[in-house]
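Heads up: the structure comes next, in structure tokens.
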Amino acid sequence: MMLKVATWNVNSLKIRLPQLLDWLYTQQPDILALQETKITDPCFPKLHISAAGYQVVFSGQKAYNGVATLSRLPASDVATGMPGLEDPQRRVLGATIGGIRVLNIYIPNGQIIGSEKYSYKLSWLDKLYSWITMELSCHRWLFLIGDFNIAPEDRDVSNPISSDERIFCSSPERFAFQQLIKLGLRDTFRIFPQKEQSFSWWDYRSAAFHRNLGMRIDHILASQELADVCISCYIDESQRRLARPSDHAPVVSEFDFRLY
DNA sequence: ATGGTGGCGCGGCCA
């Protein structure tokens with residue numbers, strides 16, 4: 001039995017719904033984490049999602065942020081925030097699906113190093129570390145997936161020159177990512193050999209996708225016991241080539257694991 | 001390039 005898990009920042013679910021439904025039909029993931037749904041809960045297109053054969057939980061807001069998790073099996077123990085962080089921004093969605101804890105996150109962008117938004121990102125990452133520590137203590141099967149807005153290494157950036165002082169690449173951001181790895185999570189993409197210059201996000205501007213100027217900032221982290229049975233991880237760049245694409249491509253990981 | 005594109009929603013904000 002194979003378990004297929006994916007993450008995709010769709011940059012507006014309303015605009016991307018036709019693409020999402022096409023993608024679900026062809027890819028048939030068991031679990032899909034969406035970010036930047038940009039839609040309020042009453043407006044969420046759950047009929048379309050269920051018609052495609054998926055259960056869904058979501059936590060949205062108007063115009064910004066918003067996360068949703070689709071799955072073949074129903075979700076329980078849903079969490080829409082992190083302990084110790086009163087945050088009106090909808091960036092977190094935890095759920096237990098078929099015995100696996102699935103934590104879908106949309107880490108703040110940070111905008112400019114030293115800005116207020118950057119401070120918010122770092123304190124958010126601090127809360128995330130505590131939360132993941134706690135979640136790992138009670139779930140042996142756990143995924144931490146989503147848009148991290150962090151490029152973990154220089155090889156995850158098309159132009160790593162002076163990357164140390166660039167947003168997504170700064171030492172505090174990369175340190176926070178490594179702290180999650182130290183907790184026992186594995187970056188499933190790096191379990192396997194990958195082509196150089198592999199990215200999951202490309203700026204809409206300056207024909208960045210065409211020139212492959214991007215970053216790998218969307219990640220599927222798995223607890224050790226799931227990483228042990230991970231059989232592949234890839235970025236589906238085909239979605240970025242379509243008309244009116246999201247600026248992010250879906251990331252997919254497959255596991256030799258049976259959901260129950 | 002102190003720029004550039006896209007989404008939301010109709011003036012900026014956010015990415």
Indicate, with a heavy-atom threshold strictly under 4.0 Å, whether [X] touches base, sugar-phosphate, or nothing.
X	answer
Phe168(A)	nothing
Arg240(A)	nothing
Ser12(A)	sugar-phosphate

Task: Pairs flagged by salt bridge (Lys or Arg N to Asp or Glu O under 4.0 Å) wherever residues 198-223 of chain A is involved - sequence neighbours left out - done: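 Every pair satisfying salt bridge (Lys or Arg N to Asp or Glu O under 4.0 Å) with a residue in residues 198-223 of chain A: Asp156(A)-Arg216(A), Asp187(A)-Arg216(A), Asp203(A)-Arg205(A).
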- [ ] Taking side-chain contact (heavy atoms from CB on, under 4.5 Å) as the test, write out the residues that go with Leu242(A), two or more places apart.
- [x]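 side-chain contact (heavy atoms from CB on, under 4.5 Å) check on Leu242(A) returns Gln19(A), Gln239(A).
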Task: Pairs meeting criterion ring pair (Phe, Tyr, Trp, His ring centres under 6.0 Å) with involvement of residues 5-26 of chain A, two or more places apart - done: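 Residue pairs with at least one partner in residues 5-26 of chain A: Trp8(A)-Trp23(A).
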Task: Contact interval (first through last nucleotide) of DNA chain B with protein chain A, 4.0 Å heavy-atom - done: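 Reading along DNA chain B, I get dG4(B) to dA15(B).
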Open item on the list: Please enumerate all residues that pass salt bridge (Lys or Arg N to Asp or Glu O under 4.0 Å) together with Arg258(A), with sequence neighbours excluded.
Closed with: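 Testing Arg258(A) for salt bridge (Lys or Arg N to Asp or Glu O under 4.0 Å), a comparison that skips the adjacent residues, returns none.
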Task: Whole-angstrom distance between dG3(B) and dG9(B), as gauged at atom P - done: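 About 25 Å, rounded to a whole number of Å.
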Open item on the list: Between dG12(B) and dA1(B), how far apart are the two P atoms, rounded to whole Å?
Closed with: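 Comparing P positions in dG12(B) and dA1(B) gives a spacing of 29 Å.
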Task: 5' priority, DNA chain B, between Leu13(A) and Arg205(A) [closest heavy atom] - done: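 Looking at DNA chain B, the more 5' nearest nucleotide goes with Arg205(A).
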Open item on the list: By nearest heavy atom, map Asn11(A) and Gln111(A) onto DNA chain B; which one lands nearer the 5' end?
Closed with: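 Its nearest nucleotide being more 5', the pick is Asn11(A).
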TODO: Could you work out the complete set of other residues in the hydrophobic cluster of Phe209(A), with links drawn between I, L, V, M, F, W and Y side chains under 4.5 Å apart?
DONE: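 Once heavy-atom contacts under 4.5 Å are chained together, Phe209(A) belongs with Phe199(A), Trp202(A).
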- [ ] Would you mind checking if Asp154(A) and Arg174(A) are paired as a salt bridge, meaning a charged N to carboxylate O distance below 4.0 Å?
- [x]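 Result for this pair is yes, salt bridge flagged.
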